[in-house]
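Being a predicted model, the structure only gives us computed values, none of them experimental.
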Amino acid sequence: FNDSMMPDSNSMSSMSSAPASQEDADWAVKVANANMTEVELSKVAQGKATSPRLKSFADMMVADHTKAGDQLKQLAATKNITLPANLSDDSQKKLDNLNKKKAGKDFDKAYMDDMLGDHKDAIDAFQKGSTDLQDADLKNFASTTLPTLQMHQDSIKAIAGSK
């Protein structure tokens with residue numbers, strides 16, 4: 001009987017510093033980009049939004065998504081996941097388009113639409129992550145971040161509904 005034929009016991013246990021699977025790493029990269037996008041779009045809105053409710057929503061977005069991004073960066077560092085330093089091309093286009101809008105109703109609507117769509121996508125990704133991720137720490141991050149994203153979605157829906 002040869003011990004080397006046995007499955008590696010380390011791969012069976014969840015080690016917090018073990019490298020994440022490719023799927024888990026891809027998830028982390030995707031949500032890191034989404035998170036950075038929320039922060040950058042919201043920084044523009046802090047300056048250009050005309051609705052006081054949208055301005056305060058943008059403040060909350062910058063604060064909450066910066067915090068989540070920092071948590072994800074720390075997690076990724078322990079798991080040998082390289083997160084993007086810059087926005088993806090699609091996210092950069094979205095940011096450029098928002099930046100081109102003049103302050104006023106058009107800007108407010110564009111920002112609201114971005115936030116409504118982005119939070120739907122984020123909630124889908126985090127719900128999937130909270131059930132499908134293999135890495136226990138990333139799975140926990142997804143589960144604990146999800147309620148904040150749902151609260152953001154409820155807030156932007158309320159603001160959009162009041163327009």
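Distance CD/Gln71 to CZ/Phe141: 6.0 Å, rounded to 0.5 Å. Of the inter-residue distances, the one linking Glu38 atom CD with Asp64 atom CG reads 11.0 Å to the nearest 0.5 angstrom. To the nearest 0.5 Å, atoms CG (Asp90) and CG (Leu87) are separated by 10.5 Å. Leu83 contributes atom CG, which lies 8.0 Å from atom CE of Met36 (distance to the nearest 0.5 angstrom). Put simply, CD on Gln92 and CG on Asn99 are 8.5 Å apart, with the number rounded to the nearest 0.5 Å. From Thr145, atom OG1 reaches atom NE2 of His65 across 9.5 Å, with rounding to the nearest 0.5 Å.
Between the side chain of Thr66 and the backbone N or O of Ala63, no donor-acceptor pair lies under 3.5 Å. Counting only distance, with no hydrogens or angles, the side chain of Trp27 and the backbone of Ala125 share a donor-acceptor pair below 3.5 Å. Listed for the Lys48 side chain is no donor-acceptor partner under 3.5 Å among the backbone atoms of Phe107.
Closest of all the heavy-atom pairs between Met112 and Ala160 is SD-CA, 3.4 Å. In terms of heavy atoms, Ala142 sits closest to Gly129 at CB-C, 3.8 Å. Contact between Met115 and Phe57 at its shortest, heavy atoms only, is CG-CE2, 3.6 Å. In terms of heavy atoms, Ala68 sits closest to Asn35 at C-ND2, 3.7 Å. Considering all non-hydrogen atoms of both residues, Ala20 and Ala25 come closest at CB-N, 4.4 Å.
Looking at Asp118 and Lys94, a side-chain N of the basic residue comes within less than 4.0 Å of a carboxylate O on the acidic one, giving a salt bridge. A salt bridge between Asp135 and Lys139 is absent, with no side-chain N of the basic residue lying under 4.0 Å from a carboxylate O of the acidic one. A salt bridge does not link Lys102 to Asp106: none of the charged side-chain nitrogens sits closer than 4.0 Å to a carboxylate oxygen.
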Original post:
Could you go step by step and tell me if Lys109 and Asp113 meet the salt bridge (charged side-chain N to carboxylate O under 4.0 Å, His left out) rule?
Top reply: CA-CA 6 Å; Lys109 180 174 182 346; Asp113 289 347; 2.7 Å; yes
**OP:** For the pair Val31 and Leu72, evaluate side chain to side chain contact (heavy atoms under 4.5 Å, CB included) and give the outcome as yes or no after the intermediate values.
**Re:** CA-CA 9 Å; Val31 301; Leu72 185 57; 3.6 Å; yes
**OP:** Determine, stepwise, if the pair Ile81 / Leu138 fulfils side chain to side chain contact (heavy atoms under 4.5 Å, CB included).
**Re:** CA-CA 11 Å; Ile81 299 172; Leu138 286 172; 4.0 Å; yes
Subject >> Trace of the side chain to side chain donor-acceptor pair (under 3.5 Å) decision for Ser88 with Asn33 >> reply: CA-CA 7 Å; Ser88 69; Asn33 179 70; 3.3 Å; yes
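Counting non-hydrogen atoms of neighbouring residues, nucleotides and ligands closer than 6.0 angstrom, the CG atom of Asp96 exceeds 12 such neighbours. Other residues, nucleotides and ligands contribute over 12 non-hydrogen atoms within 6.0 Å of the NZ atom of Lys55.
A continuous path of ILVMFWY side-chain contacts below 4.5 Å connects Met60 to Leu41, so both sit in one hydrophobic cluster. In the hydrophobic clustering of this structure, Met151 groups with Leu54; members are Ile, Leu, Val, Met, Phe, Trp, Tyr whose side-chain heavy atoms approach within less than 4.5 Å, directly or through other members. Grouping the Ile, Leu, Val, Met, Phe, Trp and Tyr side chains by contacts below 4.5 angstrom, directly or via other members, places Leu146 with Leu75. Linking Ile, Leu, Val, Met, Phe, Trp and Tyr whenever their side-chain heavy atoms come within less than 4.5 Å leaves Val62 and Leu95 in two separate clusters. Under a hydrophobic clustering in which Ile, Leu, Val, Met, Phe, Trp and Tyr are joined whenever their side-chain heavy atoms come within less than 4.5 Å, directly or via other members, Tyr111 and Val39 fall into different clusters.
A donor-acceptor pair shorter than 3.5 Å cannot be found between the side chains of Asp70 and Gln74. Asp108 and Ser51 form no side-chain donor-acceptor contact under 3.5 Å, judged by distance and modelled atom types alone.
When side chains are defined from C-beta on, His152 does not count as touching Lys157, because their heavy atoms never get closer than 4.5 Å.
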